[in-house]
Number of protein chains: 2
Amino acid sequence: MATIRDVARAAGVSIATVSRVYNNQDLVNADTAERILKIAAELDYWPNPTAQSLTTRRTRTFGVLLPDLFGEFYSEVIRGIDLAARRGGYQILLSSSHSNPEDVLMASRAMLGRIDGVIMMAPDETSIDTVARVRDRVPVVLLNPRTPVEGCHSVAVDNFHGAKAAVSHLIGLGHRDVAMITGPEGNGDAEDRLRGFREALADEGLDPDAALVIPGDFRETTGFGAGEVLLGRRPRPTAVFAANDSTAIGLMAALRVAGCRVPEDIAVVGFDNVTIAGYLNPALTTVHVDACGLGGRAVELMMAALEAGAQDLPRHQVIQAVLKVRQSCGAQKTPALKRHSADGPAGDDVDIRGETPLRSGGDPS
Amino acid sequence: MATIRDVARAAGVSIATVSRVYNNQDLVNADTAERILKIAAELDYWPNPTAQSLTTRRTRTFGVLLPDLFGEFYSEVIRGIDLAARRGGYQILLSSSHSNPEDVLMASRAMLGRIDGVIMMAPDETSIDTVARVRDRVPVVLLNPRTPVEGCHSVAVDNFHGAKAAVSHLIGLGHRDVAMITGPEGNGDAEDRLRGFREALADEGLDPDAALVIPGDFRETTGFGAGEVLLGRRPRPTAVFAANDSTAIGLMAALRVAGCRVPEDIAVVGFDNVTIAGYLNPALTTVHVDACGLGGRAVELMMAALEAGAQDLPRHQVIQAVLKVRQSCGAQKTPALKRHSADGPAGDDVDIRGETPLRSGGDPS
DNA sequence: TTGTACGCGTTATCAT
DNA sequence: ATGATAACGCGTACAA
């Protein structure tokens, strides 16, 4: 409750001097500074950030707008943002679960004035217009934008090539009838993964239009349902590319219930590389996405933008999605062709869990 | 960039009138109000929340302090907080990954002045002192506090009884040699679950001190390592209670690698009921924790506290943790005793995924 | 090195 | 119903 005035009075100085102690420490006599600091501590004085922001026009806070918070992906993104933000001395104002453009606009509005910038993953139908409105006021960093917005920075996961690598790998193993379970309709990430799927097929001379594509929504339960659909299909695909790991997990459960073995009867590949992927039975082959790094990069771009001020020009970064081969895709079905080497470093190990086990060296992945 | 003054000038009224339009709509002439609103829209004026807070002394924001963001539990807590906060018209200032009391104090300090209250899950060694410092300024709601702090509200998951129910269930199935893999040392939740484990054993006439207790840290990799330790033990326990689902998942992977069947050779029970628990092979018996609800409750307490103001007296809520029986614990090993019914409604179905599958009715749990 | 005084954008109090 | 003006707590020219 103590204000700068209380401290000034108690120390017998002006508020300007107290203020200087906190801002330009060197502009004030060392002794006085020390005395003031001591008195401030006694009074449990702490500068009021709200008042500071009013004059400095900086909040050292940025807003984070997410469409959802469900699942490991989003939580990792936030973790990355939080970590990087704190390192840079910034706070984060979080708001999620925005399913439509109005939500996004309202949430941004509520934030405007308390933040120096916004990091947002816009729900897919969000109009460029809405985003532009926000961008006119503060720097905006877009996460996985489906379409770039002029004047906005962006960080995106390379869903397309990640998906393509996964499907190419399946084809390289000899599969000719590969199905896909998609993500939610209208979701940009999901669409890019579908595009990667189709292009991988086309590149191998297979017909994308002939491939079985089952609609999904990124959730386990849908993967499970898709599994049932898949099993009724004749001829039955020998491999499935799931739009994300949750879907793959649901799918594998359905296959297991039906007595269908993975990867012997059907190969499965997911996307995301969630923490438990390596602990599943069979361990899940998937495409690793560094969600935490995605958030961290966004923060770095934001801080750079804040630093640059007016003469700041938009930067766009892409985060690679790397295939992580485990057991669920099985091994070669036919003798190796030149295809095999084409996978390149895709199969390389991405160390997900940076720590060694507490008591033992075991790790199944 | 337009301020209240710009709008006032353009509308030919005083700033007081403009202000009233946004606060006491009814105190101003309907026509003028409409005119002002129109001009405000043209100027893209939006009240500056920072300035508002300075005079009103309310920010409509509360701080959320979490020790970590890793894993589904925390992300669900945040989701619950976010949902409830937005419903109440509040914003949330998030800060996590605080491993020690100094971190917590610093983070709170940085928040003070921008928030109306703090919801925090203090890392375990955090001194009551630190929390009290914050509480002296703003209402505090503690999440799963290991010890209650005077003057603070709290919401806690009943880890103790949840754990006890899980272990009692195992004993009821005929297991006499039950091991446990604990959570991180010093973690309150983990300790309560250990206490529940021990009391369940004692209640059944088994010796808690004779039971195998392997240290863990809530992560898959440790569960995996613990599995290896467990398998070397003679006599080998016939059941294991893992302090959380991640640990159980790591454990099951280790058992699988070693050719040990679950539940036939070793029964496994986890804690948390993460989304994928029902999709594992075998489906994981675990204790359901409504993390999202935990966060929501905290917000409700906070809003009530804010409402009550000075004459606000601390409330403490407990959230039940309910046993969710699936396959990993197996069925009865010996003929049913009276124990069986003692599980009561614990085995009742807690519907985790509130939605029905998109295309098909399947669900493995 | 320190003090004075203004401004940040708003709400609230008192007039009118 | 509306206007003038003093807070709110702080940073910062400018002056001393």
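When reading the values below, keep in mind they use all heavy atoms of this one structure, side chains included, and skip hydrogens, waters and symmetry mates.
Checking side-chain atoms of B:Arg60 against main-chain N and O of B:Gly89 turns up a donor-acceptor pair under 3.5 Å. At least one donor-acceptor pair under 3.5 Å links the side chain of A:Arg135 to the backbone N or O of A:Glu150. In this structure, A:Thr61 contributes its side chain and A:Thr59 its backbone to a donor-acceptor pair below 3.5 Å.
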Shorter than 3.5 Å, N or O on both sides, protein versus nucleotides 1-5 of chain D: list them out with atom names.
from: D:dT2; atom 1: OP1; to: B:Thr32; atom 2: OG1; distance (Å): 3.2
from: D:dT2; atom 1: OP2; to: B:Asn29; atom 2: N; distance (Å): 2.8
from: D:dT2; atom 1: OP2; to: B:Thr32; atom 2: OG1; distance (Å): 3.2
from: D:dG3; atom 1: OP2; to: B:Ser14; atom 2: N; distance (Å): 2.9
from: D:dG3; atom 1: OP2; to: B:Ser14; atom 2: OG; distance (Å): 3.2
from: D:dG3; atom 1: OP2; to: B:Thr17; atom 2: OG1; distance (Å): 2.6
from: D:dG3; atom 1: N7; to: B:Arg20; atom 2: NH2; distance (Å): 2.8
from: D:dG3; atom 1: O6; to: B:Arg20; atom 2: NH1; distance (Å): 3.3

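One atom, CG of A:Asn23, and another, C1' of D:dT12, lie 9 Å apart when rounded to the nearest Å. The interatomic distance linking B:Arg58 (CZ) with D:dC8 (P) rounds to 19 Å, in whole Å. Spacing between atom CH2 of A:Trp46 and atom C1' of D:dC10 amounts to 15 Å, rounded to whole angstrom units.
Applying the salt bridge (Lys or Arg N to Asp or Glu O under 4.0 Å) rule to pairs touching residues 295-304 of chain A yields nothing, sequence neighbours excluded. The ring pair (Phe, Tyr, Trp, His ring centres under 6.0 Å) analysis of residues 6-49 of chain B, with sequence neighbours excluded, yields the pairs B:Tyr22-B:Tyr45.
Here the straight-line distance linking atom CG of A:Leu66 with atom OH of A:Tyr74 works out to 7.0 Å at 0.5 Å rounding. Distance check: B:Asp82 CG to A:Ser97 OG gives 5.0 Å after rounding to the nearest 0.5 Å.
For A:Glu191, the salt bridge (Lys or Arg N to Asp or Glu O under 4.0 Å) partners two or more places apart in sequence, or in a different chain, are A:Arg146. Among residues two or more places apart in sequence or in another chain, the side-chain contact (heavy atoms from CB on, under 4.5 Å) test is passed with B:Glu76 by A:Phe70, B:Glu72, B:Arg79, B:Ala291, B:Cys292. The side-chain contact (heavy atoms from CB on, under 4.5 Å) search around A:Asn24 returns A:Asp26, A:Leu27, not counting sequence neighbours. By the side-chain contact (heavy atoms from CB on, under 4.5 Å) test, A:Leu306 pairs with A:Tyr90, A:Asp116, A:Pro139, A:Met302, sequence neighbours left out. By the side-chain contact (heavy atoms from CB on, under 4.5 Å) test, A:Glu34 is found to be paired with no residue, residues two or more places apart in sequence or in another chain being considered.
Contacts between residues 48-56 of chain B and DNA chain D, defined by a heavy-atom separation under 4.0 Å, are made by B:Leu54, B:Thr55. For residues 2-11 of chain A, proximity to DNA chain D is found at A:Thr3, A:Ile4, A:Arg5, defined as any non-hydrogen atom under 4.0 angstrom from a strand atom.
When the C1' atoms of four end pairs are superposed on the next four at each end of the helix from C:dT1-D:dA16 to C:dT16-D:dA1, using five pairs per end, the two resulting axes differ in direction by 40°, to 10°.
Chain A approaches DNA chain C over the interval C:dT1 to C:dG9, counting the first and last nucleotide 5' to 3' with an atom under 4.0 Å from its heavy atoms.
Heavy atoms only, all atoms of each residue included: A:Ser96 and A:Leu69 are closest at OG-CD1, 3.1 Å.
Screening B:Ile119, B:Val140, B:Leu301 for a side chain to side chain contact (heavy atoms under 4.5 Å, CB included) with B:His153, the sole residue that qualifies is B:Leu301.
Among the heavy atoms of the strands, none lies under 4.0 Å from B:Tyr22.
The pair A:Arg86-B:Asp103 fails the salt-bridge criterion, with no side-chain N (NZ, NE, NH1 or NH2) lying under 4.0 Å from an Asp/Glu carboxylate O.
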